[in-house]
Amino acid sequence: MFALSRASVRSVSRSALRSFAAVQTADKHTLILVRHGESTWNLENKFTGWYDCPLSDKGHEEVKEAGRLIKAEGLSADIAFTSLLQRAIRTLWHVLEQTGLMWIPVHKAWELNERHYGALQGLDKQETVNKYGKDQVLVWRRSYDIPPPTVDKSSPHHPSNDPRYAGFDFPEEFTESLATTLDRVVPFWNKTVVPEIKSGKTVMIAAHGNSLRALVKHLDGIDEATIAELNIPTGTPLIYELDDNLKPIPQVGAIAPLQGRYLGDQDAIRARIEGVKNQTK
C-alpha cells in the first residue's frame with residue numbers, strides 16, 4: 001500500500017495552502033475610495049452641492065496625506081474615477097501624485113458629483129438652522145428621500161447654466177435627496193466601474209460625501225435609517241476588498257456599518273466623522 005512520509009504530507013499541505021491562498025488572492029478585488037479634502041465652502045460651513053469651490057489649504061494637505069497612506073499600505077490603482085467638480089478632481093490629482101500613478105487612466109463623470117442641494121446651495125448652514133430650525137435642516141441634510149427646496153433655470157445653481165453639463169437633461173425644478181443621488185451613482189457603478197473591477201483592475205474613486213454614502217449604502221446593504229446617520233470624513237482613504245460577486249469582505253478595524261476600513265489614525269478619523277456630524281448644531 002502506498003503511503004506518504006510525514007515530510008511529503010507537510011510538503012503537500014504547504015503546496016495546497018499556497019494554492020488556496022493564490023485562489024483567494026485572485027478572487028479578491030480592491031476598491032479605494034477617497035472623499036475630497038476640506039473645501040473652502042466646508043471651511044465656511046456652507047451648503048456646497050454642485051458649486052465648484054476649490055480645496056482649502058487644509059484640504060490640500062489632507063489629501064496629500066491620503067496619498068501617502070495609500071502608498072504606505074502598498075496599494076496601487078490601475079484606473080481612477082472622479083466627479084466634474086474641482087475639489088474631487090484635485091483630490092485625485094494629489095493622491096495619484098503621492099502614489100506615483102499620475103499616468104493611469106482617469107474618467108470624470110457628473111454621476112459622481114456631490115448631491116445637489118437645490119435652493120440651499122451657498123447658504124451658511126448655521127444661519128439656515130437659525131432661520132428654519134434644526135429639525136427642518138436635519139431633514140434636508142440627512143433624510144434619505146426628502147430633498148431641499150428646488151432651484152429653477154433662473155438660478156445660477158441650476159446645472160443648465162453650467163457649460164460642463166451641456167448635453168445632459170435635468171428637470172426645470174432641480175434638487176436632490178440621497179435617494180436620487182443613489183439613482184445616478186449605482187447605475188454608473190454597475191455600467192462603468194464594475195466591468196473594470198471584474199477585468200482584474202484595482203479601482204480608485206475620488207468623490208464626495210453623499211455620492212460615496214450612496215455607493216457604500218449599495219455595497220454594504222445599509223438600510224435607509226442607518227445611512228441617514230453615516231458620515232464619511234474628508235481626505236481619508238476607505239479601502240474595500242470585494243469578492244467575485246463584488247460583495248465586501250469584512251475588514252479588521254472597519255467602523256460599522258461599513259465593511260471597508262479607513263487608513264490612518266483611527267481616533268483622528270472618528271473625530272473627523274463627528275466633525276461632519278456637528279456642522280449644524
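Values below: all heavy atoms of this structure, side chains included; hydrogens, waters and symmetry mates excluded. We number each residue from 1, following the sequence as shown.
The heavy-atom pair separating Tyr240 from Pro248 by the smallest distance is CD2-CB, 3.9 Å. When all heavy atoms of Arg272 and Pro233 are compared, the pair lying nearest together is CB-CB, 3.5 Å. Nearest heavy atoms, Ala66 versus Gly235: CB-O, 3.5 Å. The two atoms that bring Cys53 and Thr40 nearest to each other are CB-OG1, 3.4 Å, heavy atoms only. Scanning both residues, Thr175 and Tyr117, for their nearest heavy atoms gives OG1-C, 4.0 Å. The minimum heavy-atom distance between Thr181 and Ser177, with the atom names listed, is OG1-O, 2.8 Å.
Side-chain rings of Phe188 and Trp110 stay apart, their centers remaining 6.0 Å or farther from each other. Taking the six-membered ring for Trp and the full ring otherwise, Trp140 and Tyr132 have centroids separated by under 6.0 Å.
Remark: Glu73 engages Arg261 in a salt bridge, criterion side-chain N to carboxylate O under 4.0 Å. A salt bridge links Glu176 with Arg184: at least one charged nitrogen is closer than 4.0 Å to a carboxylate oxygen. Salt-bridge formation is not detected for the pair Asp244/Lys28: no Lys NZ or Arg NE/NH1/NH2 atom is positioned less than 4.0 Å from an Asp or Glu carboxylate oxygen.
Checking side-chain atoms of Arg87 against main-chain N and O of Pro54 turns up no donor-acceptor pair under 3.5 Å. Under the 3.5 Å distance criterion, the side-chain polar atoms of Ser143 are matched with a main-chain donor or acceptor of Ile146. In this structure a side-chain-to-backbone donor-acceptor pair under 3.5 Å is missing from Ser211 to Ala207. When atom types are taken as modelled, the side chain of Thr226 and the backbone of Ile222 share no donor-acceptor pair closer than 3.5 angstrom. Listed for the Asn210 side chain is no donor-acceptor partner under 3.5 Å among the backbone atoms of Leu178. Side-chain atoms of Arg90 do not come within 3.5 Å of backbone N or O of Leu55 as any donor-acceptor pair. Proximity of a side-chain donor or acceptor of Glu38 to a complementary backbone N or O of Ser56 within less than 3.5 Å is not detected. Here the side chain of Gln259 pairs no donor or acceptor atom with the backbone of Ile255 at under 3.5 angstrom. Between the side chain of Thr236 and the main chain of Thr234, a donor-acceptor pair closer than 3.5 Å is present. Using a distance-only test at 3.5 Å, with no hydrogens or angles considered, no donor-acceptor pair links the side chain of Thr128 to the main chain of Leu123.
Remark: Lys64 NZ is packed, more than 12 non-hydrogen atoms of other residues, nucleotides or ligands lying under 6.0 Å away. Atom CD of Glu173 is surrounded by more than 12 heavy atoms from other residues, nucleotides or ligands within 6.0 Å. The environment of CZ in Arg164 is crowded: more than 12 heavy-atom neighbours from other residues, nucleotides or ligands sit within 6.0 Å.
Under the 4.5 Å side-chain criterion, counting only non-hydrogen atoms from C-beta, Gln86 is in contact with Asp52. Trp50 is listed as a side-chain neighbour of Pro159, based on a closest heavy-atom distance under 4.5 Å. By the 4.5 Å heavy-atom criterion applied to side chains, Leu246 and Lys198 are counted as neighbours. Contact check for Ile32 versus Val95: no side-chain heavy atoms found under the 4.5 Å cut-off. Taking the side chain as every heavy atom from C-beta outward, Asn161 and Pro156 never approach each other to under 4.5 Å. For the pair Ile232/Arg213, a side-chain contact is recorded, criterion being any heavy-atom separation below 4.5 Å from C-beta on. Here the side chains of His36 and Leu85 are not in contact, with every heavy-atom distance at 4.5 Å or above. Leu242 places none of its side-chain heavy atoms less than 4.5 Å from the side chain of Lys247.
Rounded to the nearest 0.5 Å, atoms CD1 (Ile239) and CE (Met204) are 7.5 Å apart. Here Lys58 contributes atom NZ and Ser39 contributes atom OG; the two are 11.5 Å apart, rounded to the nearest 0.5 Å. Expressed to the nearest 0.5 Å, how far CD of Glu229 lies from CZ of Arg142 amounts to 8.0 Å. Distance check, rounded to the nearest 0.5 Å: CG of Asn245 to NE2 of His29 gives 9.0 Å. Taken to the nearest 0.5 Å, the CD atom of Gln126 stands 14.5 Å off from the NZ atom of Lys131. Note that CG of Leu96 is 5.0 Å distant from OG1 of Thr99, once rounded to the nearest 0.5 Å.
A chain of hydrophobic side-chain contacts below 4.5 Å, direct or via other Ile, Leu, Val, Met, Phe, Trp or Tyr residues, connects Ile104 to Leu75. Leu31 and Leu182 fall within a single hydrophobic cluster, where Ile, Leu, Val, Met, Phe, Trp and Tyr are joined by side-chain heavy atoms under 4.5 Å apart, directly or via other members. Criterion: ILVMFWY side-chain heavy atoms under 4.5 Å apart, direct or through other members. Under it, Ile79 and Trp103 are not part of a common hydrophobic cluster.
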task = Please step through side-chain contact (heavy atoms from CB on, under 4.5 Å) for the pair Thr82 and Leu112, ending with a clear verdict.
result = CA-CA 6 Å; Thr82 190; Leu112 294 175; 5.6 Å; no

task = Go through Leu215 and Leu33 one step at a time and tell me if the side-chain contact (heavy atoms from CB on, under 4.5 Å) criterion holds.
result = CA-CA 10 Å; Leu215 180 56; Leu33 306 179; 4.0 Å; yes

request  = Test side-chain contact (heavy atoms from CB on, under 4.5 Å) on Trp93 and Val63 and set out the steps.
outcome  = CA-CA 9 Å; Trp93 287 358; Val63 295; over 6 Å; no

inquiry  = Run the side-chain contact (heavy atoms from CB on, under 4.5 Å) test on His116 and Val151 for me, step by step, so that the C-alpha distance in whole Å, both residues' side-chain angles and the decisive distance to 0.1 Å come before the verdict.
reply    = CA-CA 10 Å; His116 197 289; Val151 289; 3.8 Å; yes

Residue pair Arg68, Glu65: steps toward the salt bridge (Lys or Arg N to Asp or Glu O under 4.0 Å) verdict = CA-CA 5 Å; Arg68 289 189 284 267; Glu65 176 61 16; 3.1 Å; yes

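Using a 3.5 Å distance cut-off with no hydrogens or angles, the side chains of Ser83 and Glu114 do not pair a donor with an acceptor. Counted by atom type alone, Ser160 and His158 present one or more donor-acceptor pairs between their side chains at under 3.5 Å. With no hydrogens or angles considered, a side-chain donor-acceptor pair links Tyr165 and Asn113 at under 3.5 Å.
Under the 30°/60° scheme for interplanar angles, the aromatic rings of Tyr51 and Trp41 are found to lie parallel.
In this structure, Lys108 forms no cation-pi arrangement with Phe81, as its terminal cationic atom is not both closer than 6.0 Å to the ring centre and no more than 45° off the ring axis.
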